Amino acid sequence: MKAAQTPHKKEVPCVFGRPPQLPITKIIRLSAALLARHRRCSTPTAALSLPPRVCSLRPESLSCRLSTIYSWHFTGKTKLCSVDAAMATTKPRLSSFSRNLSAVSSSQTPGVKCGPNGTMFVSSGIADLDKILGGGFPLGSLVMVMEDAEAPHHMLLLRNFMSQGLVHGQPLLYASPSKDPRGFLGTLPSPASLKHDKSRDRESEQEKGLRIAWQYKKYMGENQPNFDSHRDNKQDYCNEFDLRKPLERHYFTRQRVNCVGIQDSKNLAALQEHCASFLAQHQRNDGSCALAGRIAIQSLCAPQCEHSNMDWEMLSFIKSLKGMVRSSNAVVVITFPPSLLSLSSTKRWQHMADTLLSVAAIPDEDKELAKLLSGYQDMVGLLNVHRVARLNTQVPLILEATTFSIKLQKRRFLVLECLNQAPVDGSSGSSYGTSGSCSGSSKAGTLDF
Amino acid sequence: MADTICRTLRDGGLEGEHAPALTIKDSKASPFGFDVFNYVLTQLSNYILAGKSQSRGLVVVAYSRSPSFYVDLLKRRGIDIASSHDWIHILDCYTDPLGWKNWLIDKDISQEASSLSSFCQDVRNLDKLYSLIIEQGKGLIGQGKDRFSIAIDSVSEMVRHASISSVAGILSNLRSHDQVSSIFWLLHSDLHEIKFTSVLEYLSSMVASVEPFNQAAFGQRVDLENLSMLEQNFRKGKFHVRFKRRNGRIRVMCEEILVELAGIKFTPVLSEDEIINQRLLPKVQFNLQLSEEERNERAKVVLPFEHQGNGKPIQIYDGRRSLGENKEEALVSTGKLQPDEDSGKGQIIYFRDSDDEMPDSDEDPDDDLDI
């Protein structure tokens with residue numbers, strides 16, 4: 001059987017996944033036939049099948065990775081005929097056959113990515129957070145971050161969010177209770193220098209050149225370079241920010257950044273005005289996506305603001321803001337310290353949010369925690385994802401893990417990692433379930449995530 | 001740990017950072033907050049006099065004690081008052097906070113104290129108070145890059161005359177002022193709603209709370225059994241401090257207090273199991289990520305079929321070795337020779353059950369592995 005050649009096209013939809021009953025050579029013949037047939041057609045296709053048990057990687061991760069390269073992925077049992085039919089039509093068949101739209105990004109607007117269900121995403125500035133939230137912050141949503149009164153980690157999130165917007169040229173409205181909000185712009189991080197980017201690109205290229213224990217290379221070899229070339233052409237959707245390098249001043253010109261101080265005003269009317277006029281510039285017209293906008297409000301119920309004891313005023317402000325942002329191409333991020341609000345107010349604010357995150361401080365030199373978690377030394381704090389925005393759909397996003405540790409790599413780059421259990425010391429003979437940290441802490445009020 | 005607090009206040013804040021702020025919190029169960037306040041005040045004064053601290057002056061906003069009290073306190077601690085004009089100033093909000101005594105002549109205050117203090121006669125106007133404090137502080141340190149510290153006698157008194165948000169406003173403004181090196185204040189937590197206490201904790205970088213020595217004994221009837229425990233509460237207490245460190249973590253420390261006539265003594269706590277820590281037990285997963293070494297090891301694993309597609313002719317391992325390899329193996333171990341030669345000599349004859357069977361179905365898929 002000679003290796004089939006496919007014409008060089010930009011996007012190559014592929015099918016993979018081996019139905020257990022079909023022998024390998026049959027699949028090869030099928031793919032060869034398909035290739036031969038489609039050579040005559042205008043739509044290029046290529047079929048790739050791999051027997052899962054031969055793969056040296058875990059099948060789930062394999063399918064996830066391949067699905068980012070190929071725009072169709074298909075798993076499950078089928079017969080030859082339905083594979084044919086599936087290739088011919090776009091309707092999903094017996095098995096799950098879904099189109100990965102996340103791989104396709106809109107080339108017109110940098111920094112905006114199309115997602116499922118007609119939503120569009122902007123990056124949060126932290127690549128790990130984008131992954132956790134399924135693409136980023138959806139346009140038109142309200143993100144609320146619950147601060148911890150004891151640690152300023154919400155500022156890290158805000159800084160990355162604001163920098164990402166400025167790097168992509170998206171207008172920004174920033175409100176803060178400090179006397180000089182504009183001064184905060186000086187602490188925004190700059191995208192990491194090229195050296196670091198290159199090493200990451202090499203890593204990702206290595207991943208793209210997947211090592212799969214299957215003889216597909218002889219059929220697929222010429223298609224691989226296409227996928228790598230995509231990445232250099234457009235701007236990165238999410239930059240990696242170096243927290244030690246301040247953002248260049250030319251990014252925050254007056255047109256792009258508007259800073260509002262909320263400490264001195266009697267109530268929230270002025271802030272509401274600012275937000276309304278900002279969002280009016282980013283109205284969502286059908287289909288086309290002009291430049292996306294970002295609003296960042298820091299510590300909305302800070303105690304030095306006069307409106308901080310007007311519970312219902314603040315609540316109605318948030319509600320009107322949420323309504324305005326729904327019909328615009330913008331994302332609003334509000335941070336607030338829940339310890340300064342009454343319990344019922346906190347609950348109401350939490351219900352307002354589309355995406356709800358919270359940051360928590362961790363105790364220093366805590367031996368129990370060091371025993372429990374690996375990488376405790378590098379951890380700066382904890383991030384909890386309580387709710388992820390799901391617009392235009394009723395299907396919730398259920399995360400495997402909701403608590404992540406915030407770490408600073410090389411003291412510069414913010415990463416979020418899953419909490420991993422530290423290796424249990426086998427010699428001591430105590431397992432995780434019986435060790436003191438688990439049972440002994442019940443007296444001190446555990447917070448179960 | 002009180003020394004750690006004093007050292008933090010002494011070192012002050014970095015450029016562009018908010019000044020470190022300390023809240024000293026007590027309650028009627030253990031009312032030693034003021035003693036702690038005096039201790040911190042004298043320590044800081046000593047540092048300033050010795051020139052070891054970042055701040056060169058101290059402004060004391062006295063709400064609950066008269067300025068003469070502070071003068072006496074410093075005298076008792078051995079600090080020379082006569083030459084203290086250039087580093088300490090007391091803002092007197094105690095004598096006449098609301099401006100009732102319009103005919104005030106400073107006969108109520110001693111000569112020494114009046115030279116060090118100035119009146120504030122309208123504590124309701126916190127903006128004015130703010131500018132007064134800054135003015136006095138600048139007066140102490142003069143022009144230049146120097147800084148001064150602020151001690152507020154009792155924030156509980158301050159909030160009697162003003163709203164919570166204005167008190168929070170003045171405190172945060174003071175903290176963020178360029179020339180303020182450090183600030184500390186006293187709070188009686190049971191006089192206020194929890195909200196006010198949490199506001200102050202939010203605004204401060206260190207929270208020191210004084211708690212009763214025997215928690216259980218407080219509030220009970222005086223009996224012979226718990227008399228000794230109650231008595232202990234009258235002189236001893238526990239001192240808990242929560243530091244917000246620059247790296248974003250919280251440091252919790254604990255000490256014991258003993259109050260004597262001469263002052264207050266801090267001793268390290270003897271038993272460790274009383275330390276109350278808020279424990280977070282998140283749902284922890286097993287580590288499914290690879291470290292750098294593990295990634296390198298994985299990269300070294302030889303996978304089947306990897307060498308294909310390189311342009312070389314493809315050979316698929318089909319379970320039988322060539323004769324050349326056989327001979328090499330024979331040199332290595334003779335024991336293995338027998339089965340190999342048998343496979344060469346013997347034959348396995350297989351009759352298909354039916355002719356419908358596809359010729360490939362009896363193939364072991366693993367035969368395709370090509371390493």
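A quick note: this is a predicted structure, and the numbers were derived from the prediction, not measured. Every chain is numbered from 1, with letters handed out A, B, ... down the list of sequences.
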_Side chain / backbone / both / neither for S198(B) at chain A, heavy atoms under 4.5 Å_ = both

*Does any pair with a residue in residues 196-205 of chain B pass salt bridge (charged side-chain N to carboxylate O under 4.0 Å, His left out), and if so which ones, sequence neighbours excluded?*
K25(B)-E201(B)

*Region of Q263(A) that comes under 4.5 Å of a non-hydrogen atom in chain B*: side chain

*Output the option from S178(A), P152(A), P337(A), G381(A) having the highest count of non-hydrogen pairs under 4.5 Å with chain B.*
P337(A)

_Residue, of S172(B), S165(B), S166(B), that accumulates the most heavy atom pairs under 4.5 Å with chain A_ = S165(B)

*Side-chain donor or acceptor of R249(B) paired with backbone N/O of M379(A) under 3.5 Å*: yes

*Where on R245(B) is there a heavy atom nearer than 4.5 Å to chain A: the side chain, the backbone, both, or neither?*
side chain

*asked:* At under 4.5 Å between heavy atoms, what parts of residues 176-190 of chain B are in contact with chain A? List them by residue number.
replied: none

*Answer with side chain, backbone, both or neither: which region of L171(B) has an atom nearer than 4.5 Å to a non-hydrogen atom of chain A?*
neither

_Gap separating the OH atom of Y202(B) from the CG atom of D148(A), nearest 0.5 angstrom_ = 10.5 Å

*Could you tell me the separation between the CD atom of E193(B) and the OG atom of S342(A), rounded to the nearest 0.5 Å?*
10.5 Å

_Counting C-beta onward and ignoring hydrogens, is there a side-chain heavy-atom pair between N173(B) and Q304(A) closer than 4.5 Å?_
no

_Atom pair CD (E150(A)) and OG (S205(B)), whose distance is rounded to the nearest 0.5 Å_ = 11.5 Å

*Taking all atoms of both residues into account, what is the closest heavy-atom pair of V380(A) and N247(B), and its distance?*
CG1-O, 3.5 Å

_Minimum heavy-atom separation for A151(A) and G248(B), please, with both atom names._
CB-O, 3.5 Å

_Give me the atom names and distance for the closest heavy-atom approach of D364(A) to R251(B)._
OD2-CD, 3.8 Å

